[in-house]
Protein chains: 2
Amino acid sequence: MKHGSITALTRALIEIAWFFGPKGASGRCCEDLAMPEFLALVTIADLPDCPVQEIGAALGFTKSGATRIVDRLERKGYVTRVKSPDDARVCCVVITPRGRNILETTDARYQESLKAVLARLPGEETPAVRKMITMLARAMRS
Amino acid sequence: MKHGSITALTRALIEIAWFFGPKGASGRCCEDLAMPEFLALVTIADLPDCPVQEIGAALGFTKSGATRIVDRLERKGYVTRVKSPDDARVCCVVITPRGRNILETTDARYQESLKAVLARLPGEETPAVRKMITMLARAMRS
DNA sequence: GAAAAAAGGTTGACGGCGTCAACCTTTTGC
DNA sequence: GCAAAAGGTTGACGCCGTCAACCTTTTTTC
C-alpha cells in the first residue's frame with residue numbers, strides 16, 4: 001500500500017494532524033493563541049480551579065513549561081491566577097470571560113474548517129466521518 | 001452538542017492533531033526528527049530534485065524557514081544539496097539512503113501507534129476508520 | 001512538635017525554531 | 001546589455017519549552 005515514500009495511511013494521519021494542528025511550531029489557532037495555549041485554555045475551562053501543574057500534565061509539558069503557558073495566557077487576559085484557600089502553595093488558574101469568548105470563537109472556526117473539508121466528500125459520508133472522528137479520539141484517550 | 005467548554009467534535013479533532021502531530025512545539029516524530037522536519041523529508045523523498053523553496057511552499061514556511069529545515073536535515077545526514085545543472089541558482093535537495101531509512105522506521109512507528117488505538121475500538125469498525133482517515137486527508141488536499 | 005522531606009510554583013540560562021530584511025548570485029525580459 | 005526578478009543564505013530577533021536551582025508551604029517522621 002505504498003505509493004510514495006511512506007504508507008498512504010501514515011501520510012493521511014500526518015496531514016490531518018498538520019491541517020488541524022499547529023502549522024509549524026508557531027502556528028496560530030486564532031488571533032493570538034498558539035496551539036498549546038488553546039489546549040491549555042480548554043483544560044482550564046473544563047477543570048474548575050485548575051492547578052498549574054495539572055495543565056502541564058494534560059499537555060505533556062514540564063511544570064515550568066506549564067508556568068510559562070499560564071504566564072502568556074494571563075498576560076493576554078484569558079485566565080487569572082488565584083491562590084488556593086486550601087493549600088497556599090497551589091495556584092488555581094481560572095478562565096476569564098474573555099477566555100470563554102475566544103474559546104467559542106475558535107470552536108466555531110474549527111467547525112467551519114471541518115465543514116469546508118467535509119463539503120468535498122460525497123454527502124452521505126459526512127455523518128459517518130463525524131462519528132469516526134469522535135470515536136477515534138475516544139479510543140486515544142482510554 | 002457541548003459537554004464542556006467546546007464542541008465534542010472540535011475537541012476530538014484537536015486531540016487527534018495533538019496525538020499524531022507534534023506534542024508541543026519541539027515534539028519528536030522519532031529519534032532526532034521534529035515534525036516539520038519529517039514532513040519536509042517526505043516531501044523531498046517524493047519530489048525528485050526538489051528545490052528548497054518547494055519545501056517551504058509545501059509546509060507553509062517562508063523560504064528562509066525552508067533553508068533552515070534543509071540545513072538541519074543535511075546536518076543530520078538525511079538529505080544532500082546538489083546544484084541544479086539547469087539553473088545554477090537552484091539547489092536540488094535529494095534524500096540520502098539514511099533519510100529513506102528513517103522514513104521507513106517512522107512510518108512503521110505511525111502504523112504501530114494507529115494500530116494500538118484501533119485495537120481499542122470494536123473490531124468491525126477498524127477498516128471503516130482506516131478508510132475514513134484516508135478519505136478525509138484526500139478531501140483536505142483538494 | 002520540630003526538623004527533614006516532599007510538593008507546588010517560579011525564574012534564569014539555554015538551545016531549538018521560523019520570520020524578517022538584507023544580501024549575493026544567476027536568470028530573464030526588454 | 002542592463003535592470004528586474006527569482007533562488008537561496010544569513011544575522012538579528014522573538015517565541016517556546018526544558019533544566020536546574022530556588023523559594024514557600026505542606027506533610028512526614030521520629
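Because only heavy atoms are used, hydrogens play no part in the values below, and waters and symmetry mates are left out as well, while side chains stay in. Residue numbers start from 1 in every chain, and the chains themselves are labelled A, B, ... in the order their sequence lines are given, proteins ahead of strands.
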Does OP1 or OP2 of [N] have a side-chain N or O of [X] closer than 4.0 Å?
X: A:Arg81; N: C:dT10; result: yes
X: B:Thr62; N: C:dT19; result: yes
X: A:Arg89; N: C:dT10; result: no
X: B:Arg72; N: C:dC17; result: yes

Would you kindly give the [atom1]-to-[atom2] distance between [X] and [N], to the nearest whole Å?
X: B:Ile55; N: D:dG8; atom1: CD1; atom2: P; result: 9 Å
X: B:Asp32; N: C:dG15; atom1: CG; atom2: C1'; result: 16 Å
X: A:Phe61; N: C:dG9; atom1: CZ; atom2: C1'; result: 17 Å
X: B:Gln53; N: D:dA5; atom1: CD; atom2: P; result: 16 Å
X: B:Ile69; N: D:dT10; atom1: CD1; atom2: P; result: 16 Å
X: A:Lys63; N: D:dC19; atom1: NZ; atom2: C1'; result: 11 Å
X: B:Arg75; N: D:dT10; atom1: CZ; atom2: P; result: 11 Å
X: A:Lys83; N: D:dC23; atom1: NZ; atom2: P; result: 16 Å

With respect to the side chain of A:Pro51, which nucleotide from C:dG18, D:dG17, C:dG9 is positioned closest?
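Minimum distance to the A:Pro51 side chain belongs to C:dG9.
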If you check the A:Asp87 side chain, which of C:dG18, C:dT11, D:dT26 turns out closest?
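Taking heavy atoms from C-beta onward, the closest nucleotide is D:dT26.
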Nearest-nucleotide 5' precedence on DNA chain D, B:Val90 against A:Arg68:
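Whichever sits nearer the 5' end wins; that is B:Val90.
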Flag the pair A:Thr106 / A:Leu41 as yes when at least one side-chain heavy-atom distance between them is below 4.5 Å, and no otherwise.
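A side-chain contact under 4.5 Å is absent here.
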Atom CE in B:Met35, atom CG in B:Leu39: separation rounded to 0.5 Å?
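Those atoms lie 5.0 Å apart.
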Over 60° means perpendicular and under 30° means parallel, so tell me whether A:Phe61 and B:Trp18 are parallel, tilted or perpendicular.
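Rings of A:Phe61 and B:Trp18: perpendicular, as their planes differ by over 60°.
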Could you tell me which non-hydrogen atom of A:Val79 sits nearest to which non-hydrogen atom of A:Val70, and how far apart they are?
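Heavy atoms of A:Val79 and A:Val70 come nearest at CG2-O, 4.1 Å.
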Under a 4.0 Å threshold between the charged nitrogen and the carboxylate oxygen, would A:Arg81 count as salt-bridged to A:Asp71?
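Yes, charged N to carboxylate O under 4.0 Å.
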